[in-house]
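Below: one structure, written as structure tokens.
Since the model is a prediction, treat every value here as computed from it, not as a measurement. Order of the sequence lines fixes the chain letters, A, B, ..., with proteins taken first and strands second; residue numbering starts at 1 for each chain.
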Amino acid sequence: MARFIDELRRTHRCGELRGTDIGKEVVLFGWVDTYRDHGGCVFIDLRDREGLTQLVFDPNHPPEGADVELVKQSHALADSMRNEWVIGIRGIVRSRGKNVNPKLPTGEIEIGVIEATVFNKAETPPFPITDDLTTKEEVRLQYRYLDLRRPKMQQIFKVRHQINQVTRRYFDENGFFELETPFMVKYTPGGARNFLVPSRLQPGSFYALAESPQLYKQLFMVAGFDRYFQIVKCFRDEGSRVDRHPEFTQIDVEMSFVSQDDIFNAMEGLIFRIWKEVLGIDLKEHYPSGHFPHMKFEESMRRFGNDKPDLRFEMEHTDLTELVIEQKGGGVPFFGEIAAKFESGKLRRDLPGEIVKAMRIPASAEFSRAEADKLEAYVKSMGAKGLARAKVAEDGSWTQSPLSKSASKEFVAAVNAATGAKTGDLLLFQFGREALVQTVMANLRVYLAKKLGLIPEIGHGGKFNFLWVVDPPLFELDDETGKWAAAHHAFTRPQEGSLEFLEKDPGKVLCYRYDLVLNGFEIGGGSIRLHDPEVQARVFRALGISEEDARAKFGFLLDALQRGAPPHGGIAIGMDRLTMLLSGTDSLRDVIPWPKSQKGTDLLTDAPTPVTNDQLAEVHIRIVAPENPG
RNA sequence: GCGGCGGUAGUUAAGUUGGUUAUAACGCCGGCCUGUCACGCCGGAGGCCGCGGGUUCAAGUCCCGUCCGCCGCGCCA
């Protein structure tokens with residue numbers, strides 16, 4: 001083995017050699033991708049990060065001038081080689097003549113092997129190392145290092161690497177400092193659940209793993225660093241989703257003396273650069289101004305049911321709440337109940353609490369009854385009671401619907417007009433608690449778009465639709481407590497125009513918060529921060545947080561903000577989601593090298609594992625509920 | 001915390017109203033083979049049917065519990 005690597009150094013990567021290299025002596029290292037044993041001669045496709053090269057072990061046609069004895073030995077060795085063995089070879093690049101393989105970039109050439117060595121006789125892999133894999137994710141994650149060996153995965157992580165490099169270059173060129181913040185931080189209540197880290201030296205005390213560098217990056221601004229960025233891990237002990245992971249990476253940014261638009265400009269610059277340098281796509285062709293469109297939070301909720309609309313297709317919602325109120329339910333008992341609540345003043349028109357929404361599926365979609373039944377099951381899985389639907393007949397009346405009996409003619413006509421429904425169209429309705437209706441309708445919209453082929457099941461389909469969602473409310477009504485709570489965090493700056501509502505109508509206060517949306521995914525979000533202690537105090541009051549409470553929780557930040565804090569704001573881009581959307585995969589786990597399962601376990605290492613009582617004693621912890629092997 | 005789907009050979013799947021020895025493809029092992037590139041041909045091995053309990057003459061199949069994975073809801077300042 002010493003001869004290879006020490007004396008015979010690698011000359012090329014597999015995937016590099018072309019017709020112009022014919023005649024060269026080369027040394028290649030890599031993995032056996034496939035072997036084709038013809039008895040007298042053996043073909044092996046050798047794989048590394050860069051591609052495949054065909055090797056030929058053929059003692060009857062040795063490369064010119066080669067030691068035939070060596071060639072015979074390597075042929076015998078090749079006879080025993082199996083998939084995923086790690087080998088090295090020395091040989092001569094030669095033409096394939098008529099036997100060119102058009103599927104391979106290296107298909108014009110092959111290597112007439114002179115000598116060979118086996119570095120590692122790999123065991124048979126549990127699944128083939130190919131791109132068209134049907135193996136369950138569970139098995140892939142168990143052998144993640146094999147999964148990552150697949151060309152597709154190698155490509156994804158090359159992209160991820162490139163995004164990192166472009167990001168660093170971009171921010172450096174624009175005067176940002178890359179600065180680090182601690183992972184082990186003070187636990188702060190509220191917000192995402194923290195992972196806790198016990199302190200050995202401070203018995204009974206715990207650090208939290210940072211859910212974001214939020215507070216520290218603001219302190220960087222107070223410190224006068226002016227522009228900061230960091231590509232940083234964040235930790236949140238919340239349920240996983242296809243686009244959510246307990247440890248994830250953010251491109252974290254904070255800037256001083258900026259408006260919301262300054263932040264947008266900076267991030268648009270970054271996104272344009274990434275698309276250009278990583279994908280070779282010039283976003284200027286789609287966004288000639290160099291800017292992404294804006295949409296108000298309220299408008300997004302009304303038209304699409306969430307604050308991250310996928311704008312690659314239409315199928316907008318129609319809010320029927322006003323119509324239902326006007327027509328006192330239009331004859332439909334359920335709607336009548338809702339109308340009555342507005343009538344009695346139990347619900348407010350400007351802050352509804354309960355709504356009625358509809359979505360139209362055009363007749364051309366040819367949506368079958370069975371498929372509509374499937375939809376019903378789908379919405380029920382989200383907590384909806386059901387899915388009212390109506391087919392529009394030629395005369396405009398509704399059929400195949402429980403609503404058809406009760407709904408007044410006037411109401412049917414009004415709904416048809418509002419939704420633009422025509423003969424043969426299918427109308428879908430949701431009504432009741434606003435949050436649920438919005439969730440159900442928003443998910444239904446995307447589900448249907450995929451079903452109807454408006455967007456692909458997986459990936460971007462060549463379309464990248466960016467959007468800034470802006471002007472959301474500062475406060476949200478907490479469903480359980482009925483009190484106002486910060487929708488983002490308590491340090492978001494209210495808009496000057498809505499300061500007057502802080503005391504008299506908190507629900508109407510809009511703020512400088514913004515989300516960057518791409519194809520229905522929130523890929524980033526941030527805000528302009530509150531740096532005025534006076535307004536800060538009013539916000540805390542509106543939240544029902546006493547001065548003492550505020551001091552106890554955020555004292556260090558409040559102090560800092562009173563010691564020369566510049567106006568500042570920032571944003572964090574979800575690095576993993578960005579990579580996912582860019583590389584056209586449908587799961588965050590595909591772009592995280594060593595991902596965890598939905599329950600937060602590492603299928604490769606089995607983490608987390610129980611520890612001994614001795615280990616626990618050292619950090620002053622005793623386990624209560626589940627048994628722990630001592 | 002809740003709902004849905006799934007777990008059968010190394011992998012992906014089939015397995016009927018409960019009924020002989022649990023199938024298939026790929027992979028694996030052995031043999032043959034000089035132009036393959038998803039090489040081909042012949043032969044062979046391989047099973048805790050996730051785990052535990054129950055019903056039954058008989059359970060991969062029915063019932064109860066449990067674990068694991070995936071998708072979604074809640075949650076995610």
Side-chain angles (χ1 to χ4, degrees), chain A residues 33-46 52-61 75 79-80 82-84 96-104 106-107 110 123-130 132-143 146 188-194 211-212 214-215 234-246 248 374 377-384 435-436 439-440 442-444 446-447 474-476 478-480 485-492 511 513 522 525 527 543 545 553-554 574 586-587 589 596-599 601 603 606:
Chain A
D33 188 67
T34 50
Y35 61 93
R36 296 175 290 280
D37 186 351
H38 287 239
C41 85
V42 175
F43 297 95
I44 283 179
D45 290 337
L46 193 65
L52 294 176
T53 300
Q54 173 164 287
L55 312 177
V56 189
F57 300 78
D58 187 349
N60 294 321
H61 301 87
H75 173 259
D79 226 26
S80 67
R82 293 296 180 265
N83 289 335
E84 299 313 312
R96 288 213 202 177
K98 277 172 287 186
N99 300 312
V100 166
N101 184 349
K103 288 183 205 161
L104 292 182
T106 60
E110 62 189 13
E123 276 185 39
T124 305
F127 50 84
I129 310 302
T130 59
D132 46 349
L133 199 59
T134 50
T135 306
K136 282 195 267 294
E137 197 173 11
E138 195 174 347
V139 183
R140 287 173 51 200
L141 291 181
Q142 224 173 322
Y143 301 93
L146 296 180
T188 47
R193 211 170 282 126
N194 289 104
E211 33 183 271
S212 83
Q214 184 61 42
L215 298 173
C234 303
F235 306 88
R236 292 181 192 173
D237 189 5
E238 298 289 349
S240 283
R241 287 288 190 283
V242 74
D243 63 343
R244 246 195 272 163
H245 199 257
F248 60 101
K374 253 176 130 178
Y378 176 64
V379 302
K380 279 182 177 168
S381 80
M382 285 184 278
L436 182 65
T439 298
V440 169
N443 287 340
L444 201 54
V446 174
Y447 179 95
L474 181 61
F475 304 109
E476 274 171 358
D478 188 307
D479 268 355
E480 281 160 29
H488 188 51
H489 59 63
F491 303 99
T492 303
C511 64
R513 180 160 76 83
E522 182 202 317
S527 63
L543 287 168
I545 297 176
K553 285 178 188 166
F554 311 108
D586 63 337
S587 164
R589 288 184 299 274
K596 300 204 160 27
S597 77
Q598 194 173 36
K599 287 195 178 158
T601 63
L603 264 28
D606 228 28

Distance between the [atom1] atoms of [N] and [M], in whole angstroms?
N: B/C42; M: B/C5; atom1: C1'; answer: 42 Å
N: B/U55; M: B/U8; atom1: C1'; answer: 22 Å
N: B/G47; M: B/G60; atom1: C1'; answer: 11 Å
N: B/U16; M: B/U11; atom1: C1'; answer: 26 Å
N: B/A9; M: B/G46; atom1: P; answer: 15 Å
N: B/C62; M: B/G27; atom1: C1'; answer: 35 Å
N: B/A24; M: B/G65; atom1: C1'; answer: 33 Å
N: B/C26; M: B/C67; atom1: P; answer: 39 Å

Legend entry - A/Y378, OH atom: more than 12 neighbouring heavy atoms under 6.0 Å: yes
Classify the nucleic acid contact of [X] as base, sugar-phosphate or nothing, counting any heavy atom under 4.0 Å across all strands shown.
X: A/T130; result: nothing
X: A/R589; result: sugar-phosphate
X: A/E238; result: base
X: A/T439; result: sugar-phosphate

Legend entry - Along RNA chain B (nearest heavy atom to each residue), the more 5'-positioned of A/E211 and A/G40: A/G40
Inset, instruction - Could you check how far CD of A/Q598 sits from P of B/C67, rounded to whole Å? - result: 15 Å
Legend entry - A/L52 backbone acceptor or donor facing A/T106 side chain under 3.5 Å: yes
side-chain contact (heavy atoms from CB on, under 4.5 Å) involving [X] - partner list, sequence neighbours excluded:
X: A/A192; result: A/E211, A/R236, A/E238
X: A/A490; result: A/F540, A/L543
X: A/T124; result: none

Legend entry - Contact under 4.0 Å: A/S240 side-chain N or O vs B/C75 OP1/OP2: no
Inset, instruction - Using only side-chain N and O atoms of A/S381, determine if any of them is under 4.0 Å from OP1 or OP2 of B/G72. - result: no
Partner set under side chain to side chain donor-acceptor pair (under 3.5 Å) for [X], not counting sequence neighbours:
X: A/R589; answer: A/E137
X: A/D45; answer: A/T34, A/R36
X: A/T135; answer: none

According to the Watson-Crick and G-U wobble definitions, with both distances under 3.5 Å, which nucleotide is paired to [N]?
N: B/U17; result: none
N: B/A59; result: none
N: B/G35; result: none

Inset, instruction - State, to 0.1 Å, how close A/T188 and A/N194 come at their nearest heavy-atom pair, and which atoms those are. - result: O-OD1, 3.7 Å
Legend entry - Polar pair under 3.5 Å, donor/acceptor by atom type, side chain A/R241, base B/G74: yes
Legend entry - base_contact_polar (B/C75 base, A/R244 side chain, donor-acceptor, <3.5 Å): yes
Inset, instruction - Classify every nucleotide of nucleotides 7-13 of chain B by which part a protein heavy atom approaches to under 4.0 Å, writing B for the base, S for the sugar-phosphate alone and - for neither, in 5'-to-3' order. - result: -S-SSSS
Legend entry - Base-contact (B) and sugar-phosphate-only (S) positions in nucleotides 35-42 of chain B, heavy-atom cut-off under 4.0 Å, - elsewhere: BBBSB---
Inset, instruction - With sequence neighbours left out, write down each residue that passes ring pair (Phe, Tyr, Trp, His ring centres under 6.0 Å) with A/H38, or none if nothing qualifies. - result: A/F43
